[in-house]
Every structure is written in C-alpha cells, then in structure tokens.
Amino acid sequence: MKKAVVLMNMGGPNNLDEVEVFLKNMFNDKYIIGAPQPIRAMIGLLITTLRKKEAKENYAELGGMSPIVGHTKRLVRRLNKTLDADVFYKMRYTPPFAKDVLEDLRDYDEIYAIPMYPHYSSTTTKSSIEELQKWAKKLKIKAKIKTLDSYYDNEDYNKAIVERIKERMSDVNTEDYELIFSAHGLTQRIIDKGDPYQDHVLKNVECAKKELKKQGIKFKNIQVAYQSRLGPVEWIKPYMDVTLNEMAGKKVLVYPISFTVDNSETEFELVVEYKEIADEVGIADYRVAKAPNHDEYFMKTVKHLYENECNIEVS
Ligand SMILES: C=CC1=C(C)c2cc3[nH]c(cc4nc(cc5[nH]c(cc1n2)c(C)c5CCC(=O)O)C(CCC(=O)O)=C4C)c(C)c3C=C
Ligand SMILES: [Fe+2]
Ligand SMILES: [Fe+2]
C-alpha cells in the first residue's frame, strides 16, 4: 500500500516574479473575494495593481521570496524521515499547485491531505481541499484522498505553541510581559456568513492558556488581536495596531496563532511592520515568537493527524 501525506498551505512567492501570480490567484479565489465573475476579476485586478509594488518591496526585504517556502520544505524533509508515508506539499496560490503534486501521486493508494491551518475557514481549508478534489477528479487520480477540518485543540500542537513562547522568553521573566495572540484577520462579512475561523481561534487561545497554566507560565495579561487588515471594509476586531497603541510603556510578546509555519505575515508584518508601531507607541520591549515550524511537538501533531484524524474522505 503506497501512502502519501500532502501538507496544504496558502503559498507565497518563490521569487519576486511570483508576487503578482500569488496576489492574482489569491484574489481570484471565490472564497477570498465573494463577488461573482466578472466583478471578482475586476476587484482582483484592482487590488493586485494597488498592492504589488509594496508587496514586492516587502518580499525583497525578506531575501526575494516568502519564508513560507523554506520552512515548509524543511518540515517536509524532516517528516519524510519520521512518517511511514512519502511527504509532499502543495500550495493554493503559488507552485507547487495541487495539479503538479497530484501528477506525481498517480501510483499511490492513499493520500492524506493535512491542512497547515489549525483553524477551519472557508478561505483557507475549504478552498485548499476543493482545489485538490477538483484536480484529483480531472486527472483521474485513483488514490483515496482523506483529510480533516481543524486541530486547534490538539494537545501536542498547543505544547508546540508553548515551546515557541518559552524559546522566545528564555532570557526574561514572562510575568513582566503582556502576551498577545495575533491571528490573521478575516472580513466580518465572512464570519457573519457562518465561518467558524474566529471561534476556532478563540478556542485555540483557551487551549494554549491551559497549557501555559499547566507548565506554570504566567503573563501579566493575555489577549487576542487580528492582523493583516486590508481595504476599507470591516474586519474582525480588535485590530492588532489598535491593541498595540494601548501598550505604551509595556513589555509585549506576540505569538502568531493562525500559522503553523512562518511566512511573510509573521516575519515581515509582525517582526518588521508592527515593530515600527511598537517603537512609535513607546512599547518597552516588543518580541515575536516563532510559529511551530519543525518543533518536535508539531511534528508529533502531524504524525498523529496522519495516523488517526484524517476521517473525511474527499475522493
Ligand atoms: C481578503 C483578503 C484576505 C483574506 C480573507 C485572507 C485570509 C487568510 N490568509 C491567511 C494566511 C496567509 N495570508 C498571507 C498573505 C496575505 N493574505 C492576504 C489577504 C487575505 N488573507 C494578502 C493580501 C496577503 C499578502 C501579503 C502582502 O504583503 O500583500 C500569508 C503569507 C504568505 C507569504 O507570502 O508568506 C499567509 C500564510 C489565513 C490563515 C487566512 C484566514 C484564515
Ligand atoms: Fe491572508
Ligand atoms: Fe498582511
């Protein structure tokens, strides 16, 4: 029996020429921009045109590509050494796409598609699974494809979060710090239509708080805020910049709760852009923890998800 694990993520440019491809594909996704065609294409073109120059400059500062690429490849390499399946990854908006990876999986019997999103959202998990399903059908892939919705409450995943917090705070007393769990934002409209993402994020924070307590780690205060707001519409609140503005004179640790793998939203938006706000506001110390990446507890989580939790058959 030939088994493959496919990690599914959003993607990010592999080089500066791919920045436009990334943005175009993202804003052409019906789960990101809900408007029907051709309005969606027009909105997509407008946002891509407005966004691409700054986005390119940001990715240039990150070395000409998204950090998501290297972190994902490293995770795949390490998982390949520990799982009894061959491990691959596919991205939603940049290569390798679902169709590219599925071509390599023609002689496999089972494919375990594991979202790199711990929280379910139509904009991420659903969009990725549907894409995989569509191409599996088109390419007549014989393998059974299995997946799962979310794992924000997995104990090892929450241990990985706490490991990353401990790692960033090893030289200071956590009790002097405010902890902000920063989640990627979503438009309020998507939440109002029933998307469980925010509910899952808040439940994840409760699980992480329990794990911190279990390990005797205390912070001055713990709260949640949402980053990555874009355009003039309402996004879920509180906004990260507003929260930081209330932190003058305080010491702050930010943990990127939406992500299992570091990417431009963590390594650029949180580390560079929000640091500028922190400095302007007069935050006494501003730190950002790493995402789980290849932490041993996260590797254990993926192993567990593959072995026990892929109960949804999609083909
Ligand atoms: C309408 C816009 C967006 C929605 C909705 C959205 C949801 C969403 N995104 C992630 C994870 C990631 N997003 C990333 C980048 C990114 N996201 C948006 C917009 C929306 N995201 C933009 C415009 C960008 C590009 C940033 C830029 O500078 O232009 C990334 C990083 C990719 C990388 O290159 O490293 C991730 C990861 C989640 C989890 C989510 C909803 C739950
Ligand atoms: Fe995003
Ligand atoms: Fe952002």
Side-chain angles (χ1 to χ4, degrees), residues 4-26 51-52 54-83 85-101 104-105 112-118 124-125 128 131-132 157 160-161 163-165 167-168 182-184 227-228 254-275 287-303 305-306:
V5 164
V6 178
L7 308 182
M8 300 187 297
N9 211 339
M10 173 151 294
N14 291 283
N15 53 60
L16 291 182
D17 289 336
E18 264 181 28
V19 173
E20 201 166 337
V21 174
F22 172 62
L23 294 173
K24 261 192 191 151
N25 284 340
M26 174 184 285
R51 185 83 203 116
K52 74 180 174 201
E54 192 189 327
K56 259 192 182 176
E57 286 166 4
N58 297 349
Y59 286 111
E61 268 194 56
L62 288 169
M65 70 196 301
S66 166
I68 206 169
V69 178
H71 290 301
T72 305
K73 284 183 178 169
R74 188 163 49 168
L75 179 60
V76 166
R77 266 200 312 273
R78 291 189 183 212
L79 285 170
N80 255 317
K81 290 184 188 149
T82 58
L83 302 187
D86 297 329
V87 185
F88 302 81
Y89 73 97
K90 73 117 189 146
M91 299 300 200
R92 180 68 183 87
Y93 305 128
T94 49
F97 296 115
K99 63 176 179 346
D100 308 322
V101 177
D104 293 337
L105 300 182
Y112 295 80
I114 302 192
M116 288 293 94
Y117 311 107
T124 54
T125 324
S128 289
E131 180 76 357
L132 192 70
Y157 162 64
I161 292 175
E163 283 306 302
R164 288 308 194 194
I165 289 175
E167 178 186 79
R168 193 67 191 89
S182 177
H184 192 299
Q227 63 182 95
S228 321
V254 177
Y255 181 84
I257 191 86
S258 290
F259 311 107
T260 52
V261 176
D262 276 307
N263 57 78
S264 68
E265 300 293 288
T266 61
E267 295 193 3
F268 192 80
E269 188 166 63
L270 289 178
V271 172
V272 179
E273 293 186 319
Y274 284 115
K275 165 83 170 109
R287 296 172 172 225
V288 181
K290 293 292 248 178
N293 295 327
H294 59 282
D295 174 85
E296 68 174 287
Y297 284 109
F298 186 57
M299 302 259 295
K300 249 177 105 180
T301 308
V302 176
K303 186 170 191 286
L305 299 177
Y306 153 60

Student: NE2/H71 to OG1/T266 distance, rounded to the nearest 0.5 angstrom?
Tutor: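 One gets 6.5 Å once the value is rounded to the nearest 0.5 Å.
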Student: Any side-chain heavy atom of V254 sitting closer than 4.5 Å to one from Q227?
Tutor: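 No, side chains not in contact.
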Student: Quick check: do K303 and L83 have side-chain heavy atoms less than 4.5 Å from each other?
Tutor: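 They are in side-chain contact.
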Student: When the side chains of residues 6-21 are checked against the rest of the protein, which donor-acceptor pairs come out under 3.5 Å, sequence neighbours left out?
Tutor:
unit_1, atom_1, unit_2, atom_2, d
N14, ND2, E18, OE1, 2.8
N14, ND2, P95, O, 3.1
N15, OD1, D17, N, 3.1
N15, OD1, E18, N, 3.0
E18, OE1, N14, N, 2.9

Student: Might you point out which heavy atoms bring Y255 and A289 nearest each other, and give the distance in Å?
Tutor: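 In this case the closest contact between Y255 and A289 is CD1-CB, 3.7 Å.
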Student: Can you give me the closest heavy-atom contact between R164 and P292, atom names plus distance?
Tutor: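 Taking R164 first and P292 second, the nearest heavy atoms are NH2-O, 3.0 Å.
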Student: Determine whether V87 and L75 satisfy the following criterion, side-chain contact (heavy atoms from CB on, under 4.5 Å), listing intermediate values before the conclusion.
Tutor: CA-CA 9 Å; V87 185; L75 179 60; over 6 Å; no
Student: Check whether any side-chain heavy atom of E265 lies under 4.5 Å from a side-chain heavy atom of P256, and answer yes or no.
Tutor: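 Counting from C-beta outward, E265 and P256 never come under 4.5 Å.
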Student: Strictly distance-based, threshold 3.5 Å: is any side-chain N or O of R168 a donor or acceptor partner for the main-chain N or O of V288?
Tutor: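 It does hold such a pair.
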Student: With a 4.5 Å limit on heavy-atom distance, are the side chains of L305 and Y157 in contact?
Tutor: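 With C-beta onward as the side chain, the pair stays apart.
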Student: For T125, which residues count as a side-chain contact (heavy atoms from CB on, under 4.5 Å) partner, sequence neighbours excluded?
Tutor: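 T125 satisfies side-chain contact (heavy atoms from CB on, under 4.5 Å) with P115, Y117, Y120 once adjacent residues are dropped.
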Student: CE/M91 to CD/E131 distance, rounded to the nearest 0.5 angstrom?
Tutor: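 With rounding to 0.5 Å, CE (M91) is 14.0 Å from CD (E131).
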Student: Could you tell me which non-hydrogen atom of S264 sits nearest to which non-hydrogen atom of P67, and how far apart they are?
Tutor: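 That closest heavy-atom pairing would be N-CD, 3.7 Å.
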Student: Looking at CG of L105 and NZ of K90, how far apart are the two atoms once the value is rounded to the nearest 0.5 Å?
Tutor: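 Rounded to the nearest 0.5 Å, the CG-NZ separation comes out at 12.0 Å.
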Student: State the CZ-CD distance between F259 and E267, to the nearest 0.5 angstrom.
Tutor: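 It is 11.5 Å, given to the nearest 0.5 Å.
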Student: Which heavy-atom pair separates T260 from F298 by the least distance, and what is that distance?
Tutor: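 Of all heavy-atom pairs spanning T260 and F298, the closest is CB-CZ, 3.5 Å.
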Student: Evaluate the criterion side-chain contact (heavy atoms from CB on, under 4.5 Å) for residue pair K290 and D262; output intermediate values, then yes/no.
Tutor: CA-CA 7 Å; K290 293 292 248 178; D262 276 307; 3.6 Å; yes
Student: Do you know which two heavy atoms are closest between I68 and T72, and how far apart they sit?
Tutor: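 Heavy atoms only, the tightest pair is O-OG1, 2.5 Å.
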Student: For residues A183 and S258, report the shortest heavy-atom separation together with the two atoms involved.
Tutor: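 Looking at all heavy atoms of both residues, the closest pair is CA-OG, 3.3 Å.
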Student: In Å, rounded to the nearest 0.5 Å, how long is the span from CD of E296 to OG1 of T301?
Tutor: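 The CD atom of E296 sits 10.5 Å away from the OG1 atom of T301.
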Student: To the nearest 0.5 Å, what is the distance between CD on E61 and NZ on K56?
Tutor: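 Between atom CD of E61 and atom NZ of K56 there are 15.5 Å.
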